[in-house]
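Every chain is numbered from 1, with letters handed out A, B, ... down the list of sequences.
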Number of protein chains: 2
Amino acid sequence: MKSEHIPKATIARLATYIQVLSEFKREGTDVVSSERLAEACSVNSSQIRKDLAYFGEFGVRGVGYYVQDLITSIKRSLGIDRAWNCGLVGVGNLGRALLRHREFSRKGFIIRGAFDCDPYKIGEIVEGMEIVCSRQLPAKVKELSLEIGIITTPPERAQRAANYLVGAGIKGIINFAPSRISVPSHIHLEYVDFFHHFYAAAFHIRFAEHQE
Amino acid sequence: MKSEHIPKATIARLATYIQVLSEFKREGTDVVSSERLAEACSVNSSQIRKDLAYFGEFGVRGVGYYVQDLITSIKRSLGIDRAWNCGLVGVGNLGRALLRHREFSRKGFIIRGAFDCDPYKIGEIVEGMEIVCSRQLPAKVKELSLEIGIITTPPERAQRAANYLVGAGIKGIINFAPSRISVPSHIHLEYVDFFHHFYAAAFHIRFAEHQE
DNA sequence: TTGGGAATGTGAATTTTTTAACAATTCTTC
DNA sequence: GAAGAATTGTTAAAAAATTCACATTCCCAA
């Protein structure tokens, strides 16, 4: 198959596949069938084969998928076979937690700059990184080759942070702040909102109760 | 319309609607049309009307929706018109950040218990809350009427945390740890994985470059 | 070297979700 | 109080995503 438009849901599932495949690898499994992978991911096995088909042919008929090869192939397909330099704007509780989160660099997203507009925070060192004034974004984005901006400001300051980042020439933005922002269409924008998972849980729990 | 099966995507959008409606409210807007709300949420206006129709009729034909009423109606529909007691297992970086995150209680998800199995952490006070040994979960879940469990352990300990929570009689679990877990089917389980947003960003940025 | 078993990749069928279109309802103005 | 403008709720159409089903390919053993 290869290419064309790829559903958002496929990308999300590929992330899951990598996670589960990495676990298989740790357990010493070398080869896995779509059936077995599907079970571990709670999806349909055709789904997996379809998802992979968007990017190429990675399996061996009659055999299955070589775990390590598949991880490598998926990573290459997603563009995470290399490191991405990120800048984080807004060093509050959440921002600090992300700065300290080991998983970021382990997954290839290296946070190279931390920015805030609070004079009390500027100059402070977090995880070996000096917090820099947001106004310096244009200079720093170039200097550090930042490509992805992470917004962890309070909601009312998210748009301004986005403006700084866009002006500085960032390529994509991941917005953790609970507010909608607008950016030019060539900038890729993702919203992270883990509260909707809480809403979903609340809804389903209450619905289940209502059923009894 | 009312009821039947409700798409996951609808729940996620309702969360967005609440967010945007709250902003409208803050700005002093009393009434809003599905068209205007749709634009602010970057969705189709039929989509909004359809999403709402799952739960009832909340608008006035020829007029639109009363902002405050709609917020209230959506919250009631989702089951977030009351507080939910949560327990958090795994007080690492991410766990601490969530414990300190004001937004939780503001949105009605009250974290009433913090649990960890590390003897060095037990007894420590975070945000006015004492960290308790995970083994005490059964007692505490009852005592504090906890309904939702939040897992923020390292991946290898997520399943054990889930087992404790399920054994203690929790109703739903939100897993922030990057690993798949299995729970009985009557427990509602949500995975929070913000890395897939990073993957999506990486993928789209690289794809855009490839297009030029 | 051939045949049987296994599992992929993919076209077709199905299901689900989204969008369009419009009848029904409400408000406003004359 | 009737006509016109606005906007919902809902049915029908379109589009998209998922699942099925199977021909194709590969491995292994006899």
Side-chain angles (χ1 to χ4, degrees), chain A residues 1-17 20-21 24 29-74 77 196 200 203, chain B residues 1-17 20-21 24 29-74 77 196 200 203:
Chain A
M1 197 187 266
K2 196 96 175 178
S3 192
E4 77 188 83
H5 170 257
I6 285 146
K8 223 176 152 65
T10 291
I11 304 281
R13 279 192 300 265
L14 288 174
T16 306
Y17 302 160
V20 171
L21 286 166
F24 280 146
T29 309
D30 288 333
V31 182
V32 72
S33 69
S34 59
E35 197 62 57
R36 203 149 115 50
L37 181 56
E39 205 200 319
C41 299
S42 316
V43 299
N44 184 292
S45 67
S46 303
Q47 183 79 83
I48 291 186
R49 299 199 296 276
K50 252 282 139 78
D51 284 339
L52 296 176
Y54 283 115
F55 298 97
E57 305 193 3
F58 305 127
V60 182
R61 294 178 189 210
V63 179
Y65 301 90
Y66 291 100
V67 173
Q68 179 54 68
D69 286 2
L70 187 51
I71 293 175
T72 307
S73 300
I74 295 178
S77 302
H196 85 254
F203 171 67
Chain B
M1 195 186 268
K2 197 94 174 180
S3 194
E4 78 188 84
H5 170 256
I6 286 147
K8 224 175 151 69
T10 291
I11 304 281
R13 279 192 299 266
L14 288 174
T16 307
Y17 302 161
V20 171
L21 286 166
F24 280 147
T29 308
D30 286 333
V31 181
V32 73
S33 69
S34 60
E35 197 62 57
R36 204 149 114 47
L37 180 56
E39 203 200 321
C41 299
S42 317
V43 299
N44 183 292
S45 66
S46 301
Q47 183 78 84
I48 292 187
R49 299 200 295 278
K50 184 103 292 170
D51 284 340
L52 296 176
Y54 284 115
F55 298 97
E57 304 192 6
F58 305 128
V60 182
R61 293 177 190 213
V63 179
Y65 300 90
Y66 292 100
V67 173
Q68 178 55 68
D69 285 3
L70 188 52
I71 294 175
T72 307
S73 299
I74 295 178
S77 302
H196 85 254
F203 170 68

Chi angles and distances behind the side-chain contact (heavy atoms from CB on, under 4.5 Å) call for B:Ser73, B:Tyr65: CA-CA 11 Å; B:Ser73 299; B:Tyr65 300 90; over 6 Å; no
Separation between CZ (A:Arg36) and CD1 (A:Ile48), nearest 0.5 Å, reads 11.5 Å
Taking the side chain of A:Asn44 as its heavy atoms from C-beta onward, which of D:dT18, C:dT8, D:dT19 lies nearest to it? D:dT19
For B:Arg36, answer base if it contacts any base atom (sugar-phosphate contacts may also be present), sugar-phosphate if it contacts only those atoms, and nothing otherwise; contact means non-hydrogen atoms under 4.0 Å. nothing
About how many Å separate OG1 of B:Thr16 and CG of B:Leu21, when rounded to the nearest 0.5 Å? 10.5 Å
5'-most by nearest nucleotide on DNA chain C - A:Phe58 or A:Gly62: A:Gly62
Interatomic distance, A:His5 NE2 vs C:dT18 P [rounded to whole Å]: 13 Å
Quickly work out the B:Glu35 CD to C:dT19 C1' distance and round it to whole Å. 12 Å
When the distance from NZ of A:Lys8 to P of C:dT18 is rounded to whole Å, what number comes out? 13 Å
Look at the side chain of B:Lys50 and the base of C:dT17, then say whether one donor and one acceptor between them are separated by less than 3.5 Å. no
On DNA chain D, more 5' by nearest nucleotide between A:Ser46 and A:Val63 is A:Ser46
Among D:dT25, D:dC27, D:dT10, the one nearest any side-chain atom of A:Val60 is D:dC27
Take A:Thr10 and A:Tyr66, find for each the nucleotide of DNA chain D with the closest heavy atom, and name the residue whose nucleotide sits nearer the 5' end. A:Thr10
Taking atom P of C:dA7 as reference, at what distance in whole Å does atom CD of A:Glu39 sit? 13 Å
side-chain contact (heavy atoms from CB on, under 4.5 Å) assessment of A:Leu14 paired with B:Phe203: CA-CA 11 Å; A:Leu14 288 174; B:Phe203 170 68; over 6 Å; no
Using a 4.0 Å heavy-atom cut-off across all strands, classify B:Ser34 as base, sugar-phosphate, or nothing. sugar-phosphate
Can you tell which of D:dG9, D:dT19, C:dT17 lies closest to the side chain of A:Gln47? D:dT19
Are B:Tyr65 and D:dA6 close enough that a side-chain N or O sits under 4.0 Å from OP1 or OP2? no
In whole angstroms, the gap separating P of D:dT24 from CD of A:Glu57 amounts to 14 Å
Nearest-Å distance for atom pair CD1/C1', residues B:Ile48 and C:dA20: 16 Å
Length of the CG-P vector between B:Leu52 and C:dT19, whole Å: 15 Å
D:dG9 base to B:Arg49 side chain: any donor-acceptor pair below 3.5 Å? yes
If you round to the nearest 0.5 Å, how far is OH of A:Tyr17 from CG of A:Leu52? 7.0 Å
Value in whole Å for how far the C1' atom of C:dG5 lies from CZ of A:Arg61: 16 Å
